[in-house]
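Data first, discussion second: the structure below is written as structure tokens.
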Number of protein chains: 2
Amino acid sequence: MKAAKRKKLEAKGWKVGSVEDFLGLSPEEVAYIELKHSLSNSLKERRTRKKLSQVEVAKIVKTSQSRVAKMEAGDPSVSIDLLVKSLLALGASPKEVAKAIA
Amino acid sequence: MKAAKRKKLEAKGWKVGSVEDFLGLSPEEVAYIELKHSLSNSLKERRTRKKLSQVEVAKIVKTSQSRVAKMEAGDPSVSIDLLVKSLLALGASPKEVAKAIA
DNA sequence: TGCCAATATGTCAAATATGACATAAACTAC
DNA sequence: GTAGTTTATGTCATATTTGACATATTGGCA
């Protein structure tokens, strides 16, 4: 990887070394990423199923469209907390959140 | 509730009005609290099952004993993020995290 | 009782997440 | 094409979370 690209990715919050050497990720790092990815997908699925725009979801969740986009993209700047709160705000039950994770 | 007690609780991060009027909590607030409580319990159970002290868990999770205590107590200052990361660090799989939530 | 390990509580500076905003890019329909 | 809508990306001041520390409280046990 070229230094410039690495720098750009690191600026975005990714741990470049560990992503590049994917097989070298600790099991819990992998698990954390997977878990977050599952929640992101679940959120996007819920939104599209309801035929809502990101702007509409942002209103419901009391955040901004850009943050909704980042949530769905699994951006490293968004926490599991926010993903879970958003799912709940969209009407998901804890059981459904659990289902999304597993 | 006396003003002094209310103030103390609010200083700790609790929304006093909504806790006091428990039945008036929005469903998603209730769900969020339940979910967090489930994770707290799961964490404590894992720790005690392994016969670890909070200090030992703190080492594993790379945090402090006081934060572990707060996690187990479901303190409002701890995020779902930290609870999940801690569970994963203690060897839980995403599936097991999901089971804890549901 | 006193001693010791474990757990709980309070505080705070530093780290991280957040909403908001601007703006860019992608998509549709005309 | 281009006008309108949706989604993505970048940035930043503010808010929240964090680890660490001190200290208090609890729970045995000799």
Side-chain angles (χ1 to χ4, degrees), chain A residues 4-15 28-29 32-33 35-37 39-90, chain B residues 4-5 7-15 28-29 32-33 35-37 39-41 43-90:
Chain A
K5 170 137 192 174
R6 161 184 287 263
K7 202 170 173 191
K8 199 174 178 190
L9 284 176
E10 282 175 344
K12 284 185 173 186
W14 297 103
K15 291 200 219 167
E28 67 222 62
E29 283 177 308
Y32 180 77
I33 292 172
L35 206 150
K36 211 159 142 184
H37 191 244
L39 292 173
S40 294
N41 284 354
S42 180
L43 183 68
K44 183 160 195 171
E45 198 186 47
R46 267 192 176 260
R47 179 176 69 79
T48 52
R49 193 203 308 288
K50 295 188 174 190
K51 301 200 192 302
L52 297 174
S53 69
Q54 291 181 346
V55 171
E56 293 173 299
V57 167
K59 280 245 188 262
I60 296 170
V61 176
K62 296 192 207 314
T63 179
S64 57
Q65 175 270 324
S66 57
R67 196 134 293 277
V68 173
K70 281 160 191 163
M71 281 194 244
E72 292 186 356
D75 189 283
S77 84
V78 338
S79 68
I80 289 184
D81 249 273
L82 187 61
L83 284 164
V84 168
K85 280 182 183 168
S86 300
L87 281 168
L88 296 177
L90 288 185
Chain B
K5 170 137 192 175
K7 202 171 171 191
K8 199 176 176 191
L9 283 175
E10 282 174 343
K12 283 186 174 184
W14 297 102
K15 294 198 217 165
E28 67 220 63
E29 283 176 309
Y32 180 77
I33 292 171
L35 206 149
K36 210 159 141 182
H37 191 243
L39 292 173
S40 294
N41 283 353
L43 183 68
K44 183 159 193 171
E45 198 186 48
R46 270 195 174 258
R47 179 176 70 80
T48 52
R49 192 205 312 288
K50 294 187 173 189
K51 301 199 193 303
L52 297 173
S53 69
Q54 291 181 346
V55 171
E56 292 172 300
V57 167
K59 281 245 187 258
I60 296 171
V61 176
K62 296 195 208 311
T63 181
S64 57
Q65 175 269 325
S66 57
R67 197 134 291 279
V68 173
K70 280 159 192 163
M71 283 194 243
E72 293 185 355
D75 189 282
S77 85
V78 338
S79 67
I80 288 184
D81 250 273
L82 187 62
L83 283 164
V84 168
K85 280 183 184 168
S86 300
L87 281 167
L88 296 177
L90 288 185

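Keep in mind that the numbers below use all heavy atoms, side chains included, and drop hydrogens, waters and symmetry copies. In what follows, chains carry the letters A, B, and so on, assigned in the order in which the sequence lines appear, proteins first and then strands, with residues in each chain numbered from 1.
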**OP:** Would you check if A/E28 and B/K85 make a side-chain contact, meaning some heavy-atom pair closer than 4.5 Å?
**Re:**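 They are not in side-chain contact.
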Subject >> Considering all heavy atoms, the nearest A/A89-A/I60 contact >> reply: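 Heavy atoms only, the tightest pair is O-CG2, 3.8 Å.
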Original post:
Only one of A/S86, A/S40, A/S66 clears side-chain contact (heavy atoms from CB on, under 4.5 Å) with A/M71; which?
Top reply: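 Single side-chain contact (heavy atoms from CB on, under 4.5 Å) partner of A/M71 among A/S86, A/S40, A/S66: A/S86.
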Original post:
Under 4.0 Å between a side-chain N or O of A/S79 and OP1 or OP2 of D/dT17?
Top reply: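 No, no such contact exists.
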Rounded to the nearest angstrom, tell me the gap between atom [atom1] in [X] and atom [atom2] in [N].
X	N	atom1	atom2	result
A/K62	D/dA15	NZ	P	18 Å
B/L83	D/dT18	CG	P	8 Å
B/K7	C/dG10	NZ	C1'	16 Å
B/L43	C/dT7	CG	P	12 Å
A/K59	D/dT6	NZ	C1'	16 Å
A/K36	C/dT16	NZ	P	13 Å
A/K85	C/dT18	NZ	P	8 Å
A/D75	D/dG10	CG	P	9 Å

Of the options [options], whose atoms approach the side-chain atoms of [X] most closely?
X	options	answer
B/Q54	D/dT9, C/dT18, C/dA8	C/dA8
B/S64	C/dG19, C/dA6, D/dA20	D/dA20
B/S66	C/dA20, D/dT18, D/dA20	D/dA20
A/T63	D/dT18, C/dG19, C/dT7	C/dG19
A/K44	D/dA8, C/dA6, C/dT18	D/dA8

Original post:
A/K50 and A/E56: salt bridge (charged side-chain N to carboxylate O under 4.0 Å, His left out), yes or no, with the steps?
Top reply: CA-CA 11 Å; A/K50 295 188 174 190; A/E56 293 173 299; over 6 Å; no
Subject >> No-H, no-angle donor-acceptor pair, B/Q65 side chain to C/dA8 base, under 3.5 Å >> reply: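 Answer is yes: a donor-acceptor pair is held.
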Original post:
Any donor-acceptor pair under 3.5 Å between the side chain of B/K70 and the base of D/dG19?
Top reply: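 No, the side chain and the base share no sub-3.5 Å donor-acceptor pair.
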**OP:** Using heavy atoms to find the nearest nucleotide of DNA chain D for A/K12 and A/R47 separately, return the residue whose nucleotide is more 5′.
**Re:**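 Nearest nucleotide further toward 5': that of A/R47.
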Original post:
Are any side-chain N or O atoms of A/K36 and backbone N or O atoms of A/V78, one a donor and one an acceptor, separated by less than 3.5 Å?
Top reply: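 Answer holds: yes.
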Original post:
Taking the nucleotide of DNA chain C with the closest heavy atom to each, which residue, B/V55 or B/D81, is nearer the 5' end?
Top reply: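 Checking each residue's closest nucleotide, the 5'-ward one belongs to B/V55.
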Original post:
Of B/E72 and B/R67, whose closest DNA chain C nucleotide lies nearer the 5' terminus?
Top reply: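 Final value for this comparison: B/E72.
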Original post:
Which part of the nucleic acid, if any, lies within contact of A/V78, taking any heavy atom under 4.0 Å across all strands shown: a base, the sugar-phosphate backbone alone, or nothing?
Top reply: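 Sugar-phosphate contact only - A/V78 comes under 4.0 Å of backbone atoms but never of a base.
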